[in-house]
Amino acid sequence: MPWTPPSLTTERLYLVSLNDLTQPEFVFENRPDDAKRLPGLPSNWTACLKEDRQPVGSAGYVRWDREENVGEIGFIMMHPYRNKGYMTEALKAILDFGFKGMGLVLIEAKTLPANVASVRVLEKIGMKKERRICGRLSSKGPLLDFDLFLIGR
Ligand SMILES: CC(C)(COP(=O)(O)OP(=O)(O)OC[C@H]1O[C@@H](n2cnc3c(N)ncnc32)[C@H](O)[C@@H]1OP(=O)(O)O)[C@@H](O)C(=O)NCCC(=O)NCCS
């Protein structure tokens, strides 16, 4: 069953909900070539500016373990709109919805250690680096080192 969360609102953004079947494809330009295009990531919400409804990014839960009540966030912001605090603003609302609306007890994020903007955003929303892990971006992709960030309810 596709999951469609409610739309959310922040000070400067509308977070418009998407269901699992209508997720856009985004290009992660700072990832290795064979993992740049990830269909369906990230999921759930398109961030649109309140002032003109311009879509500027996407964020949401790329994994939801309903037995353990653990979620994992993914996020991307279009280039011209970066470094204006938009993703920090969006993710604060998405974490809040995760804890209160989805009943999560733990939210995770994985980032490449060299992705300084991503690491900074995770720190700004109160997530703490737990440990370094090794994994893949896609099932056939290369093994990469990631930093695992966590925040609990
Ligand atoms: C990560 C990303 C979503 C951040 O979105 P954003 O809206 O620009 O985030 P914010 O404006 O809320 O915060 C960005 C922070 O990173 C900092 N930053 C950005 N580039 C930086 C750099 N090269 N060196 C140091 N800090 C940097 C900004 O200064 C800002 O921190 P500050 O508020 O303390 O000044 C965006 O850069 C992006 O889409 N990147 C590509 C996709 C991606 O990597 N997604 C995450 C996968 S885990």
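Given the structure is predicted, the values throughout are model-derived calculations rather than measurements. Note: hydrogens, waters and symmetry copies are ignored here, and every other heavy atom, side chains too, is used. Indexing begins at 1, ligand by ligand and atom by atom, following the structure's order.
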| query | Would a distance-only check, ignoring hydrogens and angles, find a side-chain to backbone donor-acceptor pair under 3.5 Å from E89 to T10? | reply | no

| Near R132 CZ, under 6.0 Å, is it more than 12 heavy atoms from other residues, nucleotides or ligands? | yes

| task | Kindly compute the distance separating CZ (F97) from CG (L15), expressed to the nearest 0.5 Å. | result | 11.0 Å

| query | Which bit of M78 is near ligand 1, meaning a heavy atom under 4.0 Å away: side chain, backbone, both or neither? | reply | neither

| message | Under 4.0 Å from a heavy atom of I76: which atoms of ligand 1 are those, numbered in the order shown and with their elements? | response | 39 (O), 42 (C)

| task | For K110, take its heavy atoms, then give the atoms of ligand 1 lying under 4.0 Å from any of them. | result | 48 (S)

| task | Sequence neighbours left out, what passes salt bridge (Lys or Arg N to Asp or Glu O under 4.0 Å) with D145? Give chain and number order. | result | none

| field | Pick from N115, V121, L122: the one approaching atom 44 (O) of ligand 1 most closely through a non-hydrogen atom | value | N115

| With no hydrogens and no angle check, is any side-chain donor or acceptor of S7 less than 3.5 Å from a backbone partner on S17? | yes

| field | R136: partners by side chain to side chain contact (heavy atoms under 4.5 Å, CB included), with sequence neighbours left out | value | L143

| field | Nearest option to atom 34 (O) of ligand 1, as decided by whichever heavy atom of R120, H79, E123 sits closest | value | R120

| said: Below 4.0 Å, non-hydrogen atoms only: which portion of M87 touches ligand 1? Side chain, backbone, both or neither. | reply: both

| request: Using a strict 4.0 Å cut-off to heavy atoms of V116, name the atoms of ligand 1 that fall inside it. | output: 21 (C), 22 (C), 23 (N), 24 (N)

| query | With no hydrogens and no angle check, is any side-chain donor or acceptor of N44 less than 3.5 Å from a backbone partner on Y61? | reply | yes

| request: Check K124 against ligand 1 and report side chain, backbone, both or neither, counting heavy atoms closer than 4.0 Å. | output: side chain

| said: Please check if the number of heavy atoms outside K124 that lie under 6.0 Å from its NZ is greater than 12. | reply: yes

| request: Quick one: look at N83 and ligand 1, take heavy-atom pairs under 4.0 Å, and tell me if it's side chain, backbone, both or neither. | output: both

| task | Can you sort out which atoms of ligand 1 are near T88, meaning under 4.0 Å from one of its heavy atoms? | result | 10 (P), 12 (O), 13 (O)

| Under 4.0 Å to a heavy atom of K84 - the qualifying atoms of ligand 1, by number | 11 (O)

